[in-house]
Colleague: 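Okay, here's the structure, questions in a sec.
Model, not experiment: these values are computed from the prediction. Whatever order the structure lists ligands and atoms in, that order sets their numbers, starting from 1. Computation of the quantities below employed the complete heavy-atom set of this structure, encompassing side-chain atoms and omitting hydrogens, waters and symmetry-equivalent molecules.
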Amino acid sequence: MPIETNLTSVLGAYHALELALEHNCPVLQTSTSEVYGDPEVSPQKETYRGSVNCFGPRACYDEGKRAAEALFYDYQQQKNANIRIVRIFNTYGPGMLPNDGRVVSNFINQALRNEPITVYGDGLQTRSFCYVDDLIDAILVVYNSEYKKPVNIGNPTEFTMLELAEKVIEITGSSSEITFHPLPTDDPLQRRPDITLAKSIGWDGPRISLGKGLENTVYYFRELMNGV
Ligand code: UDP
């Protein structure tokens, strides 16, 4: 739904900003690491301007979220809106939809059914996965601060998708085999947050390891499959 994705990113931000001004309250934008596109530097600091393809299948989200950040800036400059912006890196945990198509939900649900694990590309692309509780802690720290520029939130520990697949198979005790499929267009090769800024604002950094977080998430998906 690329048109809806693009318009929701921009018009949603616009409506939230207008509402915040009307009610004289702060407004927090949940931005994304996608603003960095397929980054040429690692880890990514907030000052990195990104490498986004503005004319491709990911552009609706990447550019939509970039435009939303710009709109937050404009509302602060022009109308003195009380803004916060967090750039959220890959997040996972209980509460995810089993069919959202993201890698953690796909791999766990495939493993629990002993179906083939679908690795896209050679599986050597990396992501840094942050457990949802750590994300929420960090969002509250930024929200309660006076910092009004974008802040990265994520877990800087980087894994390849092959490592993730192996970890999921190990935790679930699955007999699934790893299979390889084409890499989607413009899929970033690497992604890792620099969280120095978030820490300087008062976040202690992530507490939950990928192993522990995946165990909790597997438990959640198992219960969901069993209709609990
Ligand atoms: N991916 C994969 N198998 C899947 C789903 C995703 O190998 O079944 C890969 C995808 O190509 C990407 C990474 O996992 O390199 C993370 O994908 P996701 O959609 O979860 O997040 P994003 O690409 O937005 O970081």
Colleague: When you measure from atom 18 (P) of ligand 1 to every protein heavy atom, which one gives the shortest distance, and what is it?
Modeller: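 Minimum-distance protein heavy atom for atom 18 (P) of ligand 1 reads Val103 N, 3.9 Å.
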Colleague: Distance from Thr126 atom OG1 to Leu162 atom CG, nearest 0.5 Å?
Modeller: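 Separation between the atoms: 12.0 Å.
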Colleague: Using the side-chain contact (heavy atoms from CB on, under 4.5 Å) rule, take Leu214 and Ile108 through it: C-alpha gap first, then chi angles, then the decisive distance, then the call.
Modeller: CA-CA 9 Å; Leu214 283 177; Ile108 292 179; 4.2 Å; yes
Colleague: Report, in ascending order of atom number, the atoms of ligand 1 lying under 4.0 Å from any heavy atom of Glu34.
Modeller: 24 (O)
Colleague: Please answer whether the main-chain N or O of Arg207 pairs with a side-chain N or O of Asp134 as donor and acceptor at a distance below 3.5 Å.
Modeller: yes
Colleague: With atoms numbered from 1 as shown, which atoms in ligand 1 lie under 4.0 angstrom from a non-hydrogen atom of Pro184?
Modeller: 11 (O)
Colleague: At what distance is the nearest protein heavy atom to atom 7 (O) of ligand 1, and which residue and atom is it?
Modeller: Tyr120 N, 2.8 Å
Colleague: Between Lys148 and Asn82, does any side-chain donor sit less than 3.5 Å from a side-chain acceptor?
Modeller: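 There is such a pair (donor and acceptor under 3.5 Å, judged by atom type) between the side chains of Lys148 and Asn82.
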Colleague: Salt bridge check: are Arg66 and Glu63 linked by an N-O gap of less than 4.0 Å?
Modeller: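 Answer for the salt bridge query: yes.
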Colleague: Starting from atom 21 (O) of ligand 1, find the nearest protein heavy-atom neighbour and note its residue, name and distance.
Modeller: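 In this structure, atom 21 (O) of ligand 1 has Asn90 ND2, 3.3 Å as its nearest protein heavy atom.
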Colleague: Do any N/O atoms on Arg58 end up under 3.5 angstrom from N/O atoms on ligand 1?
Modeller: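 Between Arg58 and ligand 1, an N or O pair is found under 3.5 Å apart.
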Colleague: Could you label the plane-to-plane angle of the Tyr36 and Tyr48 rings as parallel, tilted or perpendicular, counting under 30° as parallel and over 60° as perpendicular?
Modeller: parallel
Colleague: In terms of residue, atom name and distance, what is the protein heavy atom nearest to atom 13 (C) of ligand 1?
Modeller: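 Residue, atom and distance for the closest contact: Met161 SD, 3.7 Å.
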Colleague: Is a donor from one side chain sitting under 3.5 angstrom from an acceptor on the other, for Asn114 and Ser176?
Modeller: no
Colleague: Looking only at protein heavy atoms, which one is nearest to atom 16 (C) of ligand 1, and how far off is it?
Modeller: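 Sorting protein heavy atoms by distance from atom 16 (C) of ligand 1 puts Arg127 NE, 3.6 Å first.
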Colleague: With a 4.0 Å heavy-atom cut-off (strictly under), which part of Ser33 contacts ligand 1: side chain, backbone, both or neither?
Modeller: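 None of Ser33 does.
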Colleague: Counting only heavy atoms, which portion of Gln110 has something under 4.0 Å from ligand 1: side chain, backbone, both, or neither?
Modeller: neither
Colleague: Closest non-hydrogen protein atom to atom 19 (O) of ligand 1, residue and atom name please, with distance?
Modeller: Arg102 CA, 4.0 Å
Colleague: Using a 4.0 Å heavy-atom threshold (strictly under), name the region of Asp187 that reaches ligand 1: side chain, backbone, both or neither.
Modeller: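 The part of Asp187 near ligand 1 is the side chain, not the backbone.
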Colleague: Does the side chain of Asn6 pick up a donor-acceptor pair with the side chain of Tyr61 at under 3.5 Å?
Modeller: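 Per modelled atom types, Asn6 and Tyr61 side chains form no pair under 3.5 Å.
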Colleague: Looking only at protein heavy atoms, which one is nearest to atom 3 (N) of ligand 1, and how far off is it?
Modeller: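 That would be Thr118 O, 2.6 Å.
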Colleague: Taking Glu69 first and then Lys149, would you say they form a salt bridge - that is, a charged N and a carboxylate O separated by under 4.0 Å?
Modeller: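 No, this pair does not count.
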Colleague: Should the pair Asp38-Arg58 be classified as a salt bridge under the 4.0 Å nitrogen-to-oxygen rule?
Modeller: no
Colleague: Which atoms from ligand 1 have a heavy atom of Val119 less than 4.0 Å away?
Modeller: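 With Val119 as reference, the close atoms of ligand 1 come out as 7 (O).
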Colleague: Would the Phe159 and Phe129 ring centres measure less than 6.0 Å apart?
Modeller: no
Colleague: Could you list which atoms of ligand 1 come closer than 4.0 Å to a heavy atom of Asn106?
Modeller: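 Listed by number with element, the hits are 4 (C), 5 (C), 8 (O).
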Colleague: What residue and heavy atom of the protein are closest to atom 9 (C) of ligand 1, and at what distance?
Modeller: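 Ranked first by proximity to atom 9 (C) of ligand 1 is Gln125 NE2, 3.9 Å.
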Colleague: May I ask whether Arg191 places a heavy atom under 4.0 Å from ligand 1?
Modeller: yes
